[in-house]
Amino acid sequence: MTTLTHLECSRCSRRHEAGKVWNLCECGGPLVVRYDLERARQGWSRDWVNNGPTTMWRYAPVLPVAKPAAMISLGEGMTPLVRVPRLGERLGAKDLWLKDDGVNPTGSFKARGLACALSMAVELGVRKLAIPSAGNAASALAAYAAAAGLEAHIFMPRDVPQANFIECMSFGARVTLVDGLISDCARMVAEGAAREGWYDVSTLKEPYRIEGKKTMGYELAEQFRWTLPDAILYPTGGGVGIIGMWKAFAELEALGWVVGKRPKMIAVQVEGCQPVVRAYESGEDHCEFFQNAHTLAAGLRVPKPLGDFLILDAVRSSGGTAIAVSDEEALDAGVELAHREGIFAAPEGAACVAAVPKLIARGALDEGERIVIYNTGSGLKYLEAYSVRFPRHAAGEQDKLGGLITPR
Ligand SMILES: *Cc1c(COP(=O)(O)O)cnc(C)c1O
Ligand SMILES: [Zn+2]
C-alpha cells in the first residue's frame, strides 16, 4: 500500500507527522505529502500499475491511504485521453489531445481530490466535513460523504449552477446558499469549524485533495506509454491541478518511470478572473486579489489562489505561460469542440480550446507539438451557461431553421 512517510510545509519546509489531522502549517503554508519513493521504486513497477484497478487507485503506493478498508471509490480517474484531429485541424495543431475528466463521478475532476480526502477522513476518524465551493467541489464532497456515511456541510454562493445545488441536496448534504462571494462562504466554514468542530476541506487547506489530483499527471504519462507531452493547457482556478501534475512529474522522475523534458505547463484563465495571468505577466511570484471577479466558468472564479506561488513556479520552471480568454470565446470553443469531436466540455475546459490558436499565434506553442487540453468537467453541469447559445423558443414560435417546433 502507501509509501507515505510524512507531510512537509510547502513554504517553510517544516516536517509534520503522518497519521494526524492537519490543515495548514503554523506559518500558513499548505502541507504536501512526501513518500519513500526509493522504497516504491524497488517494490512497485509499471507492470503492476497496468494490472491495477481502472481507477486512480492503481497508483496506491503514491497515494496517502494506508488502510485498504478506508478507501472510498466511485470509480474516479483513468479517464479517456482522446486524440482530437478534427479540432486540431481547425485550430492549427497537428498533434492535439484532450484528457476528458468530465466523465468522472459527479462530472468533474474534483472527484479525484475528494475521493482521496474522504478516504483519509475515514482513516483518521474525521466525521464532519465542511467546504466553501463555487460548485463542483461541493458536488464531489457531497457524493463521497454520502458514500462514506459522513456529514457534509456546504456553503456556496446563491448563483451556483443549478446542477451543483440539486446534486448536493440529492446526496443529503447540509447546504447553505450564501448571498455573497466564495470568500464569504470560506469565512462561514472557518466559523463553523471553530464552533462545531467541522474539518475544513477547502482547496489546499486539506493536504490530501492534491494527492488525488496529481493522478492526472500519472495517467497522462501512463496513457502516453510513459512519455510526457510537449505542453499541457490547464484551466486554472485554485491551481491544484497544475500543482498536482507538477508534483506527479517529479515523483515519476524519482521512480525512474519517465525521463526527459517536462511539459510546458500553461495556465488558462478567463478575462473576468485572471490573477495568475496578471502575476505571470508582471513577474510577481504571488497573485494580487482580483477585484470584481466574474465569469460563467464557475471553477475559474478564484480571485486569489492560496497556492499562487506554487502555480507560478510550475508555469515558469516548465517554460510555460499564462493566458486569458473571454467567456464568449470559451463558449464558442466549447460548441466547436462538441461539433467536431463529439465531446461536450465544461466552459473551463473549453477555455483551453480557445487558447490554443492564440498561443500558436504568439509562438508559445508550435503547430507540430504534442499538446494536451485538460478538460476538467462535463458540459452537462453548465446548461444555464450554454443555453445562451441555444435559446429555446416559446411554444408555437418559429425557430431559426424555419420549422415549427411544436407538433400540431
Ligand atoms: C475547480 C475547477 C477548476 C479549477 O481547478 P484547480 O485545479 O483548482 O485550478 C477547473 N475546472 C472545473 C470544471 C472545476 O470544477
Ligand atoms: Zn510552514
Side-chain angles (χ1 to χ4, degrees), residues 7-16 22-32 79 99-104 106-114 131-141 156 160-161 163-164 167 182 201-207 209-210 212-217 232-247 265-270 273-276 287 295-312 314-315 322 330 334 344-352 373-382 385:
L7 292 86
E8 184 184 279
C9 176
S10 57
R11 202 172 277 163
C12 74
S13 300
R14 222 191 104 141
R15 197 183 165 103
H16 294 68
W22 296 108
N23 281 116
L24 296 173
C25 176
E26 296 91 284
C27 81
L31 300 183
V32 290
T79 56
K99 175 79 168 153
D100 191 9
D101 259 28
V103 304
N104 272 307
T106 68
S108 88
F109 84 110
K110 294 286 196 304
R112 296 175 186 267
L114 285 146
I131 203 166
S133 170
N136 289 325
S139 299
L141 170 61
M156 38 192 193
V160 76
N164 298 119
E167 279 179 293
I182 184 90
V201 286
S202 302
T203 306
L204 292 180
K205 286 190 186 162
E206 187 280 343
R209 281 175 69 187
I210 183 173
K213 289 185 178 182
K214 85 179 178 193
T215 59
M216 301 191 295
I232 299 173
L233 278 73
Y234 185 80
T236 305
V240 186
I242 285 198
I243 299 167
M245 282 191 275
W246 197 241
K247 182 171 191 277
M265 304 302 283
I266 300 179
V268 178
Q269 299 202 298
V270 279
C273 185
Q274 45 170 318
V276 173
C287 296
T295 169
L296 49 81
L300 304 187
R301 201 166 60 182
V302 183
K304 164 97 175 82
L306 188 61
D308 50 4
F309 61 107
L310 299 169
I311 304 171
L312 288 158
V315 166
F344 189 35
E348 291 87 343
C352 296
I373 289 169
Y374 214 106
N375 175 40
T376 42
S378 166
L380 292 175
K381 307 219 45 187
Y382 296 84

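Atoms considered below: every heavy atom in the structure, side chains included; atoms not considered: hydrogens, waters and symmetry mates. Counting starts at 1 for both ligands and their atoms, following the listed order.
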Degrees at the Zn ion (ligand 2) between the SG atom of C25 and the SG atom of C9, nearest 10°
110°
With a 4.5 Å limit on heavy-atom distance, are the side chains of V32 and I243 in contact?
no
Relative to the heavy atoms of T236, which atoms of ligand 1 are at a distance of less than 4.0 Å?
9 (O)
Could you tell me whether the side chain of P207 reaches within less than 4.5 Å of the side chain of H16, counting heavy atoms only?
no
What are the atoms of ligand 1, with element, lying closer than 4.0 Å to any heavy atom of Y234?
5 (O), 6 (P), 7 (O), 9 (O)
Verify, without hydrogens or angle tests, whether D101 (side chain) and N375 (backbone) share a donor-acceptor contact under 3.5 angstrom.
no
For E8 and R14, indicate whether the former's side chain and the latter's backbone hold a donor-acceptor pair under 3.5 Å.
no
For ligand 1, which is the ligand I care about here, please tell me if G299 has any N or O atom under 3.5 Å from one of the ligand's N or O atoms.
no
Side-chain (E206) to main-chain (R209) donor-acceptor, under 3.5 angstrom
yes
Closest heavy-atom contact between A385 and L296?
CB-CD1, 4.0 Å
Can you find a non-hydrogen atom of Y382 under 4.0 Å from ligand 1?
yes
Please say whether T203 places an N or O atom under 3.5 Å from an N or O atom belonging to ligand 1.
no
Is there side-chain contact between V276 and D308, with heavy atoms separated by less than 4.5 Å?
no
Which residue and heavy atom of the protein sit nearest atom 1 (C) of ligand 1, plus the separation
K110 NZ, 1.3 Å
Look at atom 6 (P) of ligand 1 and say which protein heavy atom is nearest, naming residue and atom and giving the distance to 0.1 Å.
G239 N, 3.4 Å
Test item: L31 and S10 side chains (from C-beta on) under 4.5 Å apart, heavy atoms
no
Between S108 and ligand 1, does any nitrogen or oxygen pair lie at a separation below 3.5 Å?
no
Residue and atom name of the nearest protein heavy atom (relative to atom 5 (O) of ligand 1), distance in Å to one decimal:
F109 CZ, 3.3 Å
List ligand 1 atoms under 4.0 Å from V240, heavy atoms only on the residue side.
6 (P), 7 (O), 8 (O), 9 (O)
P235: numbered ligand 1 atoms lying under 4.0 Å from its heavy atoms
4 (C), 9 (O), 10 (C)
Atom 11 (N) of ligand 1 sits nearest the protein heavy atom T376 OG1, 2.7 Å
Intermediate values then yes/no, side-chain contact (heavy atoms from CB on, under 4.5 Å), C12 and C25:
CA-CA 9 Å; C12 74; C25 176; 3.8 Å; yes
Working note: M245 + Y374, criterion side-chain contact (heavy atoms from CB on, under 4.5 Å); need CA distance, chi angles, decisive distance, verdict.
CA-CA 11 Å; M245 282 191 275; Y374 214 106; 4.2 Å; yes
Check whether any N or O atom of G237, backbone or side chain, sits under 3.5 Å from an N or O atom of ligand 1, and answer yes or no.
yes
Evaluate G238 for polar contact with ligand 1, using N/O atom pairs at a separation under 3.5 Å.
yes
Taking only heavy atoms of G241 into account, list the atoms of ligand 1 that are under 4.0 Å away from them.
7 (O)
